[in-house]
Amino acid sequence: MDTPKRLYRSRTDRMIAGVCGGLGKYFGIDPTLVRLAFVILALAGMSGGLAYIIMWIVVPEEPEPTTPFGG
């Protein structure tokens with residue numbers, strides 16, 4: 001059975017908090033495009049920065065990978 005798709009902040013593809021890396025992975029696009037969108041929204045007077053901070057708080061961090069031996 002397929003597990004549902006979940007949005008997480010990336011642990012590996014991050015510049016600040018992993019929000020853009022997580023969004024890129026979730027939507028299957030390059031995280032650089034997501035970062036660019038946030039910057040454009042912030043500079044255009046919209047709430048790009050505020051949205052990023054809210055997502056930083058609300059979106060959980062990606063779970064750590066588990067090993068078969070429990071380590």
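The figures that follow rest on heavy atoms only: side chains count, while hydrogens, waters and symmetry mates do not.
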Chemist: Can you name the residues that form a side-chain contact (heavy atoms from CB on, under 4.5 Å) with Ile54, not counting sequence neighbours?
Modeler: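 Leu50, Val58.
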Chemist: List the atom of Tyr8, the atom of Glu61, and the distance in Å for their closest heavy-atom pair.
Modeler: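 Residues Tyr8 and Glu61, closest heavy atoms: CD2-O, 3.6 Å.
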Chemist: Going by the ring pair (Phe, Tyr, Trp, His ring centres under 6.0 Å) test, which pairs reach into residues 38-64, not counting sequence neighbours?
Modeler: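 Residue pairs with at least one partner in residues 38-64: Phe38-Tyr52.
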Chemist: Report the distance from atom CD1 of Ile57 to atom CD1 of Ile53, rounding to the nearest 0.5 Å.
Modeler: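 Atom-to-atom, Ile57:CD1 and Ile53:CD1 are 7.5 Å apart.
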Chemist: Between Ile16 and Leu23, is there shared hydrophobic-cluster membership here, with clusters defined by ILVMFWY side-chain heavy atoms closer than 4.5 Å?
Modeler: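 They do share one cluster, since a chain of ILVMFWY contacts under 4.5 Å joins Ile16 to Leu23.
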Chemist: Can you list everything that forms a salt bridge (charged side-chain N to carboxylate O under 4.0 Å, His left out) with Arg35? Sequence neighbours excluded, please.
Modeler: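 Once residues adjacent in sequence are excluded, the partners of Arg35 under the salt bridge (charged side-chain N to carboxylate O under 4.0 Å, His left out) criterion are Asp13.
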Chemist: Between Val19 and Arg9, which heavy-atom pair has the shortest distance, and what is it?
Modeler: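 Result for this residue pair: CG2-CD, 3.8 Å.
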Chemist: Tell me, yes or no, whether the heavy-atom count around Arg6 atom CZ, taken from other residues, nucleotides or ligands under 6.0 Å, exceeds 12.
Modeler: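 Check fails, neighbour count at 12 or below.
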Chemist: Looking only at non-hydrogen atoms, find the nearest pair between Leu7 and Val59 and report the distance.
Modeler: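 Minimum heavy-atom contact is O-CG1, 3.7 Å.
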Chemist: For the residue pair Ala42 and Gly49, what are the closest heavy atoms and their distance?
Modeler: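 In terms of heavy atoms, the two residues are closest at CB-N, 4.0 Å.
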Chemist: Minimum heavy-atom separation for Ser10 and Gly21, please, with both atom names.
Modeler: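 That closest heavy-atom pairing would be CB-C, 3.9 Å.
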